[in-house]
Every structure is written in C-alpha cells, then in structure tokens.
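We count ligands from 1, going down the list as the structure has it; atoms in each ligand are counted the same way. Bear in mind that the values here come from a model prediction, so they are computed numbers and not experimental data.
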Amino acid sequence: MTLPERPAMRVVSGIQPTGGLHLGNLLGAILRWVRMQDEAQCLFFLADLHSLSEYIDPEVRRSNLRDMAAALIASGIDPERSILFNQARIPAHAELCWLLNGTARIGWLNRMTQFKDKSGKNREGASVALFDYPVLQAADVLLYRATHVPIGEDQKQHLELARDIALKFNTDYDTDLFVAPEPFIGGGTAARVMSLRDGRSKMSKSDPSDQSRIALTDSDDAIAQKIRKARTDPEPLPTDPAELAGRAEATNLVGIFAALTGETVEQVLARFAGQGFGAFKPALADAIIATVAPIRGRLEQLRGDESALDAYLESGAERARALGAPTLDKAYRIVGLSR
Ligand code: TYM
C-alpha cells in the first residue's frame with residue numbers, strides 16, 4: 001500500500017492544556033504557528049494525553065482543554081484553515097506511541113533534561129507517563145509525517161529524540177515510513193523567554209510564582225505591575241549587545257521587547273542605551289499590552305461558547321484522524337501485527 005501524498009510542508013505542533021497561555025508560549029511558539037498557517041498545511045493540537053503525566057482533577061482537565069482551545073483561536077489560530085484538535089480524540093496517538101516504545105531506548109529517555117527537571121529528587125515517584133512522555137511526543141509528529149515542528153528551545157531535545165526514533169524504526173524494519181521531522185526553533189530572541197523573577201529559569205506554567213510570568217488573561221494593570229517588579233540589575237542598558245553577557249534579566253527583557261516589536265537587539269539598544277530600567281520598563285509594558293490586550297479581549301468572548309469550541313475540536317479531530325490513519329495502519333503491518 002502506498003501512503004497518500006503529503007504536501008511539501010506539513011507543520012505539526014502541540015501545547016499542553018495545563019494552565020493558561022503565557023508570554024513564553026506566545027512568543028516562542030504560538031505567534032509563529034499563526035504565521036505558518038499562510039505557508040503550509042498545519043495541524044495544531046492540545047496535548048491532553050501528555051497532561052496525564054501528573055495528577056489533575058478531571059473537571060479542571062476538562063475546563064483547561066476548552067480554555068486552551070479558546071486561547072489558541074484568540075491568538076490567531078484559524079480552526080477552519082488549520083486542523084485544531086485534542087490528542088485524546090484520536091487513539092492513533094496512543095497506539096503509535098506503543099509501537100514506538102519498542103524502538104525507543106531507555107538510555108535515550110534517561111538523558112531527557114525535562115524528565116530530570118520535572119522528576120527532580122523524586123525520580124522513583126514520577127509517573128511512567130512522565131518518563132515515556134517524549135515517545136508520545138514522537139508519535140504525535142510521526143503519525144502525520146510532519147516535515148516542520150515549530151517549538152521553543154526547551155522542546156528541542158524531545159524533537160531530536162523523535163528523529164532518532166524515526167531513523168531507528170526505519171532502519172530496523174527497512175522502511176521509509178517515518179519522516180524525520182525538522183525542529184523549527186525560530187522566535188529569535190524569544191526562543192527561550194525567561195522568568196521575570198529569575199533570568200536563569202524559563203518562564204513556565206508550573207512556576208509557583210504568578211509574578212514570574214505574563215498570562216494572556218492578565219489585565220493591563222497587572223502586566224504593568226509585573227514588569228515594574230521584574231528583577232533587573234542597577235546598570236544602564238549598553239549600546240553593544242555583547243555587553244549584555246552575564247546580565248540574564250536584562251538580556252531577557254530586551255529579548256522580549258525585540259520579539260514584540262520585530263526589531264533586533266541592536267535596534268532596541270540603540271533606542272535605550274545609557275538609560276536605566278526606569279525608562280525601559282514602561283516601554284516594555286506598553287509593547288506587551290499592545291500584543292496581549294486584543295488577544296485577551298477575543299479570549300473573553302470565545303470562552304463562553306463551550307459548544308462552539310467543542311465543535312471546532314471535533315471537526316479538527318475528524319480531519320486529523322483521516323490524515324493519521326494510513327500511517328498507523330502501515331506501522332502495524334510493518335512490525336508484523338494484524339488488527
Ligand atoms: P508546552 O505546553 O510546555 O509549550 C508549548 C510551546 O511553547 C513553547 N514554550 C516556550 N517558548 C519560549 N520560551 C518559554 N519560556 C516557553 N515555554 C514554552 C514550547 O517550546 C512549546 O513549543 N511537550 C510539549 C507539547 C507537545 C508537543 C508535541 C510539541 C506534545 N507533543 C509534539 C511539539 C510536537 C510541551 O509540553 O509544550
């Protein structure tokens with residue numbers, strides 16, 4: 001059986017529907033997803049099966065899913081043009097993960113920094129899903145024979161693992177079924193947006209401090225206040241980007257500003273060189289508000305319409321199911337399983 005033809009560029013990427021979108025997700029991934037809709041066939045999904053790697057109250061899980069779907073649409077993902085869905089509606093993700101578990105090596109997973117960070121000192125108490133998480137992520141992209149996977153810097157290692165799994169499977173079974181996906185880490189200065197409280201740890205949904213991140217749901221005042229309180233150093237901003245070295249918080253804030261305005265770091269510094277953060281922070285807060293406020297407005301409208309959101313996800317799932325089914329069928333056959 002030959003597989004149906006795939007477009008030259010097929011984009012696949014996902015986000016965990018736990019907590020709301022923050023500025024890191026938006027600049028590192030989502031706004032690039034939005035732009036890629038013009039260039040390629042795009043599949044964007046809510047990684048709800050991945051969210052099982054930690055306990056979440058089922059009702060919270062259900063409402064998080066709709067909230068994240070609304071946040072993506074509010075950010076500019078068009079559910080008619082792109083295929084927007086949640087993993088759990090498509091059992092092929094979990095099935096392909098199981099087939100790939102035969103190919104992935106424990107040694108490879110042991111090297112995953114996200115597992116080490118998230119399990120911390122309690123490795124023995126971590127869920128098996130947390131350990132196997134990158135194999136499910138590989139299944140997510142290999143199922144659709146994705147060519148490009150737009151992600152932030154923190155997901156790069158997982159994508160490299162997906163490539164290793166694809167290549168080993170193809171070699172072991174002497175097939176060309178899987179396409180080794182390219183990680184697409186654009187985002188420039190925003191490929192890794194850092195916490196507002198600590199320039200050495202990334203902005204994240206799981207940080208216990210709400211002050212560490214800008215959420216899409218933050219009011220203009222809350223944004224201005226978080227930026228005012230963001231950690232910085234007492235030095236003025238330099239002219240030369242090289243002089244930002246060793247100044248993690250300053251690098252982060254300048255990087256966010258550049259990503260928001262589409263300027264280079266040099267251009268931003270040319271405007272603010274010699275000035276302290278007292279001058280820079282209000283301009284940064286304004287730039288963030290200019291991007292976030294319209295998205296927040298759309299999000300508030302979309303959130304109320306649960307049935308419309310469910311309908312978008314169901315119709316996206318129907319289209320995704322059809323695209324993934326031939327790959328899964330073929331994978332079963334290649335490994336010698338009948339169903
Ligand atoms: P998640 O939900 O943590 O994040 C979604 C996307 O946002 C990016 N991102 C960031 N970018 C810059 N700075 C930050 N501080 C920042 N925080 C998050 C992430 O890199 C990601 O692109 N495992 C994935 C979800 C996933 C997936 C996939 C992604 C599941 N299957 C298949 C791609 C392909 C995750 O937890 O992303």
- Message: What I want to check is whether the side chains of Ser82 and Gln37 have a donor and an acceptor closer together than 3.5 Å.
- Response: yes
- Message: I'd like to know if the side chain of Thr261 pairs up with that of Glu263 as donor and acceptor (distance under 3.5 Å, no hydrogens or angles considered).
- Response: yes
- same_hphob_cluster(Leu26, Phe184) at 4.5 Å side-chain heavy-atom cutoff: yes
- Note on the structure: The closest protein heavy-atom partner of atom 31 (N) of ligand 1 is Asp140 OD2, 2.6 Å
- Task: Below 4.0 angstrom from a heavy atom of His22, which ligand 1 atoms are there? Numbered from 1 as shown, please.
- Result: 17 (N)
- Can you tell me if Gln41 and Arg10 form a side-chain donor-acceptor pair at under 3.5 Å? yes
- Message: Under 3.5 Å between any N/O of Tyr133 and any N/O of ligand 1: does that happen in this structure?
- Response: yes
- Run the numbers for me: atoms of ligand 1, each under 4.0 Å from some heavy atom of Ala47, listed by number. 30 (C)
- Query: For Glu80 and Tyr312, does a side-chain donor sit closer than 3.5 Å to a side-chain acceptor?
  - Reply: no
- Are a donor atom and an acceptor atom from the side chains of Thr327 and Arg145 found within less than 3.5 Å of each other? no
- Item | Enumerated ligand 1 atoms positioned under 4.0 Å from heavy atoms of Val149 | 33 (C), 34 (C)
- Using a strict 4.0 Å cut-off to heavy atoms of Lys205, name the atoms of ligand 1 that fall inside it. 2 (O)
- Task: State, without any angle test, whether Arg123 and Asn110 hold a side-chain donor-acceptor pair at a distance under 3.5 Å.
- Result: yes
- Side chains of Leu52 and Arg61: closer than 4.5 Å at any heavy-atom pair? yes
- Please report which non-hydrogen protein atom sits nearest to atom 22 (O) of ligand 1, along with the residue it belongs to and the distance in Å to one decimal place. Gly152 N, 3.1 Å
- Message: Residue-level breakdown please: for Arg192 versus ligand 1, do any non-hydrogen atoms fall below 4.0 Å on the side chain, on the backbone, on both, or on neither?
- Response: backbone
- Message: Which of the numbered atoms in ligand 1 are under 4.0 angstrom from any heavy atom belonging to Ala190?
- Response: 12 (C)
- Message: Side chain or backbone, does Met194 bring an N or O within less than 3.5 Å of an N or O on ligand 1?
- Response: no
- Message: Looking only at protein heavy atoms, which one is nearest to atom 28 (C) of ligand 1, and what is the separation?
- Response: Gln137 CG, 3.3 Å
- Task: Name the closest protein heavy atom to atom 18 (C) of ligand 1, giving the residue it belongs to and the distance to 0.1 Å.
- Result: Asn25 ND2, 3.2 Å
- Message: Test of understanding: given a 4.0 Å heavy-atom threshold, classify the contact between Ile30 and ligand 1 as side chain, backbone, both, or neither.
- Response: neither
- Message: Give the atom numbers and elements of ligand 1 that come within less than 4.0 Å of a heavy atom of Ile15.
- Response: 2 (O), 5 (C)
- Query: Applying a 4.0 Å heavy-atom criterion (strictly less than), which segment of Ala191 is in contact with ligand 1: side chain, backbone, both, or neither?
  - Reply: backbone
- Message: Checking side-chain polar atoms at under 3.5 Å, does Asp140 have a donor or acceptor matched by the opposite partner on Gln87?
- Response: yes
- Message: Closer than 4.0 Å to some heavy atom of Val141 - which atoms of ligand 1 meet that?
- Response: 32 (C), 34 (C)
- Message: If only side-chain N and O atoms count, and only distance matters, is there a donor-acceptor pair under 3.5 Å linking His50 with Gln16?
- Response: no
- Flag for Asn170-Asp176: side-chain donor and acceptor within less than 3.5 Å: no
- Query: Is the shortest N/O to N/O distance between Asp154 and ligand 1 below 3.5 Å?
  - Reply: yes
- When distances are taken from atom 37 (O) of ligand 1, the protein heavy atom at minimum range is Gln155 NE2, 3.9 Å
- Message: To check your reading of the model: name the closest protein heavy atom to atom 6 (C) of ligand 1, its residue, and the distance in Å.
- Response: Ala29 CB, 3.7 Å
- Query: Would you say ligand 1 has an N or O under 3.5 Å from any N or O of His158?
  - Reply: no
- Item | side chain to side chain donor-acceptor pair (under 3.5 Å) between Thr113 and Gln157, worked out | CA-CA 8 Å; Thr113 55; Gln157 196 187 31; 3.2 Å; yes
- In the protein, what heavy atom is nearest to atom 25 (C) of ligand 1, and what distance, to one decimal place, separates them? Gly14 O, 3.6 Å
- Note on the structure: For Phe45, the ligand 1 atoms with a heavy-atom partner under 4.0 Å come out as 28 (C), 31 (N), 32 (C)
- Message: Between Leu159 and Phe169, is there shared hydrophobic-cluster membership here, with clusters defined by ILVMFWY side-chain heavy atoms closer than 4.5 Å?
- Response: yes
- Between Val193 and ligand 1, does any nitrogen or oxygen pair lie at a separation below 3.5 Å? yes
- Query: Are Arg163 and Glu182 ion-paired here, with the side-chain N under 4.0 Å from a carboxylate O?
  - Reply: yes
- Item | Validation row: Ile15, Trp33 side chains within 4.5 angstrom (heavy atoms) | yes
- Is any N or O atom of Gly24, backbone or side chain, closer than 3.5 Å to an N or O atom of ligand 1? yes
- What's the shortest distance from atom 2 (O) of ligand 1 to any protein heavy atom, and which residue and atom give it? Gln16 N, 2.9 Å
